[in-house]
Undergrad: 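Structure incoming, see below.
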2 protein chains.
Amino acid sequence: MSDNYHHGNLRKALIDAGIRIINESGEANLSLRKAAAICKVSHSAPYAHFKDKNELIEAIKATVTEQFMEELSAAVNASSDAESALVNMGRHYVAFFVRRPDYFRFMFGSLNITAHIRLDKNYENDYPPFTLLKETYLEYLAEKHLDKSVEEKETELLRLWASAHGLASIACMSGVETSFEWEDRIFSDLLLR
Amino acid sequence: MSDNYHHGNLRKALIDAGIRIINESGEANLSLRKAAAICKVSHSAPYAHFKDKNELIEAIKATVTEQFMEELSAAVNASSDAESALVNMGRHYVAFFVRRPDYFRFMFGSLNITAHIRLDKNYENDYPPFTLLKETYLEYLAEKHLDKSVEEKETELLRLWASAHGLASIACMSGVETSFEWEDRIFSDLLLR
DNA sequence: ACTATCATCTTTACACTGTCAAGATGCTGA
DNA sequence: TCAGCATCTTGACAGTGTAAAGATGATAGT
């Protein structure tokens, strides 16, 4: 696949245009024709690079996942030990999407709900990130010389993932405000057992 | 809003048609015109009941949320004490959506990922449900005479919600198979501290 | 009983979408 | 030079959301 022809690199340009559209006006406004227009190319040009609208969407998701992985890896690498790496990963798993809720809505969908966790007032009321989590968790076990059954390990791993993912989801689509402070408490509580 | 006119109750019929379409061919195939056709009504008739396609979607979401609440409430009511009610609620929070992944994809979005938690093999690799959770959790605290700070309670509550929601999300969109056994372990582990 | 009102529904129209088929364009290798 | 091919354009089509204008029939006030 030559990268240089009439346009230069239309494939990448279309992905970037798609991301721009999503960030500026949400996934609902993403269309092949608009992405093509941004690239100053006819409305059928994308079909030389993507079989489908869906293939463009998948390519965009892959790109966002790469950006996500960069932030997660950086968080892990900046940590002194595996335990703090796990907590940092959780922080950034949530923070990455909280910073751009439209990314989460695009990656994992959309639904706006309102809920309050505050109890002191009366309100009504083949996925690389997982691979990284798994590796970091195994390092953590080795570091602490913890002896757990396979079942225990699997359960704990799934629980860590579900917590991070659920927290990100809730933070993006609900009125719940999260903070690093909370995330720290949640993820370190999950490990201290 | 009279319930009886030409059609009978077009509003409800459109919601039901929408749910049917989603269950049969996914959200992508949901269109106002198809829903109208199922109800044997012209393509513009829906506009007498919904301002928008989006308003129909919101109405469908509200209906699904009601069904969801019925299952959660039943789970809570069938439990002997608040602790088992919490675990049961978690089980059904996940099970409701695992039974119909298209519902979850519709309610909270879509992305298919593949991941494996098994460690013994070498794979590559103003929301009513929350209100119910909150009430059940407070009952649990009272029942056990647990003395926790407000912060601790808030953290634990958020952690419970995030775990259930994240587990449901992961179960619906990834290759991870979940089971009541696992959910039990996860939710009871979360409480036993 | 007559009529005005109003919610409900139909018809028509338009811009926008994804996708396909046919053709143009220009690089690349034989 | 020329054939082949990836790339891109043009034109067409069905399906979509939505607006405007009109038909229909229940209901309420007189």
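Residue numbering restarts at 1 for every chain, and letters A, B, ... go by the order of the sequence lines.
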Undergrad: Could you check whether any side-chain N or O of B/Ser84 sits under 3.5 Å from a backbone N or O of B/Asp81, counting only pairs where one atom can act as donor and the other as acceptor?
TA: yes
Undergrad: Take the protein atom CZ of A/Phe50 and the nucleotide atom P of D/dA6, then report the distance between them rounded to whole Å.
TA: 17 Å
Undergrad: Using the ring of each side chain (for Trp, its six-membered ring), is B/Phe96 parallel, tilted or perpendicular to B/Phe68, with breaks at 30° and 60°?
TA: tilted
Undergrad: If a protein heavy atom is under 4.0 Å from the base, mark B; if only from the sugar-phosphate, S; if neither, -; do that for nucleotides 14-24 of chain C going 5' to 3'.
TA: ---BBBBB---
Undergrad: Please tell me whether B/His165 and B/Phe97 form a close aromatic pair, meaning their ring centres lie under 6.0 Å apart.
TA: no
Undergrad: Give, for atom CE of B/Met89 and atom OG1 of B/Thr136, the distance between the pair rounded to the nearest 0.5 Å.
TA: 5.5 Å
Undergrad: Starting at atom NZ of A/Lys40, determine the distance to atom P of D/dT9, rounded to an integer number of angstrom.
TA: 13 Å
Undergrad: Hey, could you give me the NZ/CG distance between A/Lys153 and A/Leu138, rounded to the nearest 0.5 Å?
TA: 7.0 Å
